[in-house]
Amino acid sequence: MRADVLSETVATLRAAGCVAAEEEAEELMAVAGARGGLLNELVERRCRGEPLAWLTGSVRFCGEPVHLRRGVYVPRWQSEPLALEAARRLPDHGVAVDLCTGSGAIARVLSRHRPRARVLATELDPVAAGCARENGVEVHEGDLDGPLPAELWAAVDVVCGVVPYVPTGALHLLARDVVAYEPTLALDGGPEGMDVLVRAVSGGSRLLRRGGSLLLELGAGQAELLAGELRRTGYSPAELLHDEEGDLRGIAAVFVAAPSRA
Ligand SMILES: C[S@@+](CC[C@H](N)C(=O)[O-])C[C@H]1O[C@@H](n2cnc3c(N)ncnc32)[C@H](O)[C@@H]1O
C-alpha cells in the first residue's frame with residue numbers, strides 16, 4: 001500500500017518537473033502521515049511550484065534543520081560558506097549581527113559554532129522575524145542596523161548579511177517558482193541590486209569595532225561596484241568568497257576605521 005502511494009506520488013512529482021521526485025515524495029509523505037487528503041494537497045501545491053521547505057516546514061542549512069514558515073525566504077546552500085566564514089571570524093565571547101536574517105538560518109550557524117558569543121539579528125518582515133524567533137534567534141524587527149541598541153555601536157566583531165541584491169530588472173530571470181512564490185522584499189535590491197548592499201556597508205561601519213569583519217553575499221559584478229563604498233566607509237579591500245562550485249558569492253572586508261572615527 002505505502003509502496004503504491006510512494007510510486008504514484010513520485011510519478012506525479014516527476015511529471016510536474018521535480019528533479020528529486022523520490023526524496024520529495026518521501027518528505028511529503030512523512031509530513032502527511034496517514035492523512036491521504038493532506039498528501040494530495042501537498043503534492044498539488046508542490047506541483048504548482050511552491051517551495052518544498054514551506055510544505056515540510058523545514059530545510060537543512062549547514063547540516064542542521066531550520067524551521068521555515070510559509071512566505072519566508074528559503075535559505076540557499078550557496079550561502080553556507082558565508083555563514084561558516086562569519087562563524088570562523090567570530091571570537092568565542094564575541095558579538096555578531098546577522099542583517100536581514102529571514103528564518104535566522106545564518107544566525108543559528110553562528111550560535112552553534114560560537115555558543116558563548118552574543119548573536120543578534122534584524123529583519124524587516126514580521127513573518128520572517130517571527131520564524132527566526134521560533135528558531136531561537138534574538139531578532140530586532142526593522143530596517144538593517146536601525147533597530148539595534150546603541151550599546152552595540154563600534155562593539156560588534158562580525159556583521160554579516162544575505163541582503164536582497166537582485167537587480168529589479170533581472171528579477172524575471174530567476175527560476176519561475178522563485179518569482180512566483182518567494183517574497184520580492186527578500187530579493188529586490190533596486191536598479192543595480194546595490195541599494196541594500198550599500199546601506200549594509202554603512203550599517204556595518206556603525207556597528208563594527210576596529211578589526212571586525214563585514215561579510216555580504218552578492219552577485220556577479222557587484223563586488224567591483226561595492227569596492228568604492230567599502231573604501232570610503234573605512235574598510236580594507238574586500239576578500240572574495242566563492243562557493244563549492246567556484247562561483248563568486250560574497251565579500252569579506254575588515255573594518256579599519258571610518259574617517260570620522262580615525
Ligand atoms: C535574501 S533573504 C535572506 C534571508 C536569510 N539571511 C537567509 O540567507 O536565508 C533577505 C531577507 O532580508 C529581509 N529584508 C529585506 N530588506 C530588509 C531591510 N531593509 N532590513 C531588514 N531586513 C530586510 C527580507 O525580508 C528577507 O527575509
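The shown structure was predicted, so the numbers you read here are calculated from the model rather than taken from an experiment. Counting starts at 1 for both ligands and their atoms, in listed order.
Remark: ligand 1 atoms within the under-4.0 Å shell around heavy atoms of Arg199 are 19 (N). Within ligand 1, counting atoms from 1 as listed, the ones closer than 4.0 Å to a heavy atom of Pro75 are 9 (O). Atoms of ligand 1 found under 4.0 Å from any heavy atom of Pro164, numbered from 1 in the order shown, are 15 (C), 16 (N). Of all atoms in ligand 1, listed by their number and element, those nearer than 4.0 Å to a heavy atom of Asp125 are 25 (O).
Backbone and side-chain nitrogen or oxygen atoms of Ile106 are examined, and none is located within less than 3.5 angstrom of a nitrogen or oxygen of ligand 1. Polar contact check, Leu144 against ligand 1: a nitrogen or oxygen pair lies under 3.5 Å apart. Considering backbone and side-chain N/O atoms, Asp98 never comes within less than 3.5 Å of an N/O atom of ligand 1.
With a 4.0 Å cut-off on non-hydrogen atoms, Thr101 touches ligand 1 through its backbone and not its side chain.
Nearest to atom 22 (N) of ligand 1 among the protein's heavy atoms is Leu124 N, 3.2 Å. In this structure, atom 1 (C) of ligand 1 lies nearest to the protein heavy atom Ala186 O, 3.0 Å. Looking only at protein heavy atoms, the nearest one to atom 15 (C) of ligand 1 is Leu185 O, 3.3 Å. The protein heavy atom nearest to atom 25 (O) of ligand 1 is Glu123 OE2, 2.5 Å.
Within the structure, the side chain to side chain donor-acceptor pair (under 3.5 Å) test picks out the following pairs touching residues 186-196 (sequence neighbours left out): Thr168-Asp188.
Look at Arg199 and Asp145 and you find no salt bridge, because none of the NZ, NE, NH1 or NH2 atoms lies under 4.0 Å from a carboxylate O. Ion pairing between a basic and an acidic side chain is recognised when a charged N comes within 4.0 Å of a carboxylate O; Arg209 and Asp157 show such pairing. Salt bridge annotation for Glu138-Arg133: absent, with no cationic side-chain nitrogen under 4.0 angstrom from a carboxylate oxygen. A salt bridge does not link Glu64 to Arg60: none of the charged nitrogens lies less than 4.0 Å from a carboxylate oxygen.
With atom 4 (C) of ligand 1 as the reference point, the heavy atom nearest to it among Cys100, Gly142, Ala83 is part of Cys100. Among Val162, Val166, Asp143, the residue whose heavy atom lies nearest to atom 19 (N) of ligand 1 is Asp143.
Geometrically, Arg76 engages Tyr73 in a cation-pi contact, judged by NZ or CZ lying under 6.0 Å from the ring centre and within 45° of the ring axis.
Side-chain contact annotation: Tyr165 with Gln222, donor-acceptor N/O pair under 3.5 Å absent.
To the nearest 0.5 angstrom, Arg108 atom CZ is 11.0 Å from Phe61 atom CZ.
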Requested in this report: Start with the C-alpha distance between Glu85 and Arg89, add both sets of side-chain angles, then the distance that settles salt bridge (Lys or Arg N to Asp or Glu O under 4.0 Å), and finish with yes or no.
Outcome: CA-CA 6 Å; Glu85 179 62 22; Arg89 290 173 182 239; 2.8 Å; yes
